Amino acid sequence: MDKNVVVEETKQYIVAKLDIEQFGIDIGYIDNIVRMQKITRIPKSQRYFKGVINLRGEVIPVMSLRLKFDLDDDVITNASRIIIIKLENSGMVGLIVDEVKEVVTLSSSEVEKPKASKDSKNNEMQRFLAGIGKHGDTLISLLNINNVVMDKEN
Amino acid sequence: MDVSQYLEIFVDETKEHLQSLNEQILILEKEPDSKEPIQEIFRAAHSLKGMAGTMGYKRMQRLTHDLENVFSEIREGKMGVTDELVDVLFRGLDALEGYLDNIINTQDEGDNDNEDIIQDLDRILKAGTGAGGAAAPAPAAKEEAAQTATATAAAPAAADDKAKYHSLVLAEHEANAAQKAVEEKKNVFGLTVYIQETCLLKAARAFLVFKALEPLGDVIKAEPNVQDIEDERFDFDFSLILVTEADMDKVKEAVMSVSEIGECFIGAVDPANHVEGGDKKEESAEAKPAEKKEAPKAAAAGGAAKAPAKTTGKAVVNRSVRVDIEKLDGLMNLVSELIIAKNGLVSMSGGDTENKDMQGFNEQIEYLETVTTNLHETVMKVRMVPIESVVNKFPRMIRDLSKKLDKKMELYMTGEDTELDRTVVDEIGDPLMHLLRNSADHGLESNEERVKLGKPEVGSIFLDAYQEGNNVVIEVRDDGAGINIEKVKKKAVERGMFTEEQAEALSDKETIDLLFLPSFSTADKISDVSGRGVGLDVVKTNIESLGGSIEAKTKKGEGSSFIVRLPLTLAIVQALMVELGQEKYAIPLGSIQTIENISKDEIKYVQNKEVIHLRGNVIPLIRLDELLDVDRGDAAEENLTVVIVSKGESLAGLVVDNLIGQQEIVIKSIGKFISYSKVISGATILGDGGVALIIDPNVLL
């Protein structure tokens with residue numbers, strides 16, 4: 001892979017586990033990764049928002065990726081983490097994941113663009129994906145953070 | 001001389017002077033015979049001219065000069081105040097404002113000569129003063145000279161008036177000193193020194209004059225006194241009496257050697273003519289050391305003014321808040337206290353760690369708490385400015401509208417001194433202007449119609465500002481026809497927003513709310529003033545972006561009113577912390593009236609809704625736990641804790657589980673991504689690091 005660095009563009013991703021799947025988030029979006037902490041519920045929010053937390057004096061909404069992706073609700077364990085995403089001009093948001101595994105570097109040749117699917121539910125999921133990363137023999141679903149965080153659904 | 005460093009001051013002061021001109025001319029229009037406004041106008045115009053000249057804005061100076069000539073004629077009573085005159089004067093002021101805008105943006109006044117306004121002014125001047133037009137400027141100039149001592153336009157005839165030292169009065173000891181000097185064959189001279197109007201540091205120049213005279217002899221008397229001169233409390237001239245061995249020319253030369261001195265009148269004085277009968281103590285003796293002490297300082301200041309400020313290359317005029325020095329002093333004191341408190345804690349952590357320190361520790365914490373609370377309040381106060389700066393321009397606007405729409409109307413304002421955060425004040429101008437235009441254009445009927453309806457011919461528009469709890473309320477009201485509910489409904493149907501049946505069913509309030517929707521204008525004609533479809537919806541958006549709200553009320557035939565509510569402070573409020581189930585919520589103290597303990601039996605039902613009857617008021621109960629989906633089991637309690645909140649006249653009772661106490665909270669935004677109940681206005685961070693949500697009772701009412 002080191003040989004490729006010279007010719008190809010590479011990106012670093014944080015790999016997080018959610019259910020049985022591995023998800024990758026572009027490290028450029030990540031402000032911080034924190035342990036699970038007390039979340040204050042926000043009435044009448046979107047279903048997949050768990051509430052808000054206090055991160056160094058700022059109030060940050062926290063979203064459950066599991067609920068967002070229509071998986072079973074989170075079971076909080078010692079490995080659970082909140083990945084704090086920082087988007088330019090729109091502030092921060094936290095994503096709850098089961099576990100944060102590692103940081104991987106992927107070159108563009110190792111990333112496959114997602115194919116459009118006919119299944120409408122899969123289509124919905126497609127919007128959240130930026131591509132599939134191949135790292136060794138594992139596949140990582142790379143998230144399109146903007147689409148995950150900003151959503152029409154209310 | 002590089003003047004760019006004074007640009008900010010120039011812009012600020014020019015704005016002030018223009019505002020005062022606008023106001024005073026309005027008064028003058030109403031009371032043409034009153035003397036005060038014209039004096040005020042003259043002063044403002046004169047300062048403006050001087051300032052523009054100093055900054056090198058020649059066109060601005062010329063226009064102001066011509067305006068000033070007209071003002072001077074009016075002051076002399078040679079000219080009446082006519083409608084036409086006032087119109088031209090306002091055009092002149094607008095042109096000056098145009099120059100100022102150019103200056104703010106580019107540091108240059110632009111190249112519009114406004115020749116038409118100048119010609120109109122000339123014409124009015126000639127017509128107004130009749131055939132003797134040519135002769136008029138001379139006395140005018142003289143008057144001007146005597147009033148403000150202009151150094152540039154000195155007519156010879158005025159010279160006697162200008163040598164003000166003739167009228168100096170000497171106290172006994174001063175007279176004695178002068179008498180002694182005469183006996184010693186010294187000269188006693190009276191001097192009146194005129195500093196150029198363009199001079200920026202008058203006091204410094206004056207001191208340079210004193211310093212120049214020092215080697216020649218003693219100043220035994222100055223008018224205004226030395227202290228006043230030092231504080232710049234004089235126009236452009238001062239007089240003094242000098243005892244010297246030098247001759248008149250040498251003294252004059254010494255004075256004139258100081259730069260920026262316009263003229264110097266000098267003459268021999270017989271002390272006997274100046275003696276005062278009484279025993280008034282003058283500070284000649286005291287003036288001397290003061291002068292000596294201050295002179296080098298003044299000279300230094302003068303030098304600084306001259307030093308070219310090359311660093312200020314581009315002219316970006318910053319937004320600034322003028323702060324009352326007392327408020328800054330308060331801040332300074334608090335910061336010092338903060339440091340003391342911090343030092344107290346530091347010394348404690350370094351000292352022996354016996355148990356006795358625990359008490360001292362708590363004391364220090366309490367002290368720290370007091371200081372931070374006060375510090376916060378003071379900083380908030382510094383940010384607060386009266387809405388005056390915004391609403392002041394409205395009378396002029398209404399006058400112009402009145403002409404344009406050919407409707408007679410009058411604006412009445414109250415509460416201009418109501419204070420709001422600077423950021424809010426900056427933004428509130430446009431929405432209010434919109435509302436006023438709206439009232440003038442749509443609200444008020446035409447004059448004929450008003451007479452027909454038996455209303456006073458002149459329409460009234462009111463702008464009232466006042467504080468209400470943590471809000472500032474600004475109400476724009478008119479006594480016009482009121483909003484035509486039927487017309488609004490018809491329009492809504494025409495636009496296809498509702499069917500006729502639906503429209504029929506709308507309540508008055510719902511109908512009025514339609515007006516705030518985008519592109520909903522009921523004006524039959526699209527006029528220049530309003531009715532372009534960008535109206536109330538923009539106002540509403542603007543106000544809501546400031547965290548405020550707007551509502552409209554109307555009564556057919558009696559007028560309508562628009563009520564704007566704005567938050568007083570943006571960041572920190574006092575709040576009551578309450579508990580709902582396991583969750584904590586904050587209710588801003590500003591909207592809380594009382595807290596009541598209500599037993600279950602006292603709950604009554606009206607239209608199937610829970611209400612309580614409290615001291616003559618029927619108050620609807622709001623179950624916060626239901627509203628906010630709080631899970632609290634089914635603890636059906638016998639007694640309810642009810643927080644009574646109010647907005648204007650209306651009241652509501654919020655049912656809570658527990659009261660925690662009063663706390664100062666910092667308001668944080670919850671962020672864009674998450675949607676939440678409208679009842680929640682934000683969040684705050686608690687002492688234990690947890691987050692509590694803030695309830696906005698205004699939404700509930």
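Given the structure is predicted, the values throughout are model-derived calculations rather than measurements. Each chain gets a letter, A, B and so on, in the order its sequence line appears, and its residues count up from 1.
With rounding to the nearest 0.5 Å, the separation of CD1 in A:I42 from CD1 in B:I670 is 4.0 Å. Distance check, rounded to the nearest 0.5 Å: NZ of A:K50 to CD1 of B:I674 gives 12.0 Å.
A donor-acceptor pair under 3.5 Å links the side-chain atoms of A:Q46 to the main chain of B:F673, judged by distance alone. The backbone N or O of B:V691 lies less than 3.5 Å from a partner atom in the side chain of A:T40, making a donor-acceptor pair.
Shown here for A:E58 and B:I685, the closest heavy-atom pair between the two residues is N-CD1, 3.9 Å.
With a 4.5 Å cut-off on non-hydrogen atoms, B:L686 does not touch chain A at all. The part of A:L87 that comes within reach of chain B is its side chain, from C-beta onward, which places non-hydrogen atoms under 4.5 angstrom from that chain. Contact annotation for B:L628: both backbone and side-chain heavy atoms come within less than 4.5 Å of a heavy atom of chain A.
Heavy atoms of other residues, nucleotides or ligands lying less than 6.0 angstrom from CD of A:E102 number more than 12. The number of heavy atoms from other shown groups lying within 6.0 Å of CG (B:D629) is above 12. Other residues, nucleotides and ligands place more than 12 heavy atoms under 6.0 Å from the CG atom of B:N639.
Between chain B and the residues A:M92, A:R41, A:Q37, the most heavy-atom pairs under 4.5 angstrom are made by A:R41.
Taking 4.5 Å as the heavy-atom cut-off, none of the residues of residues 18-25 of chain A approach chain B.
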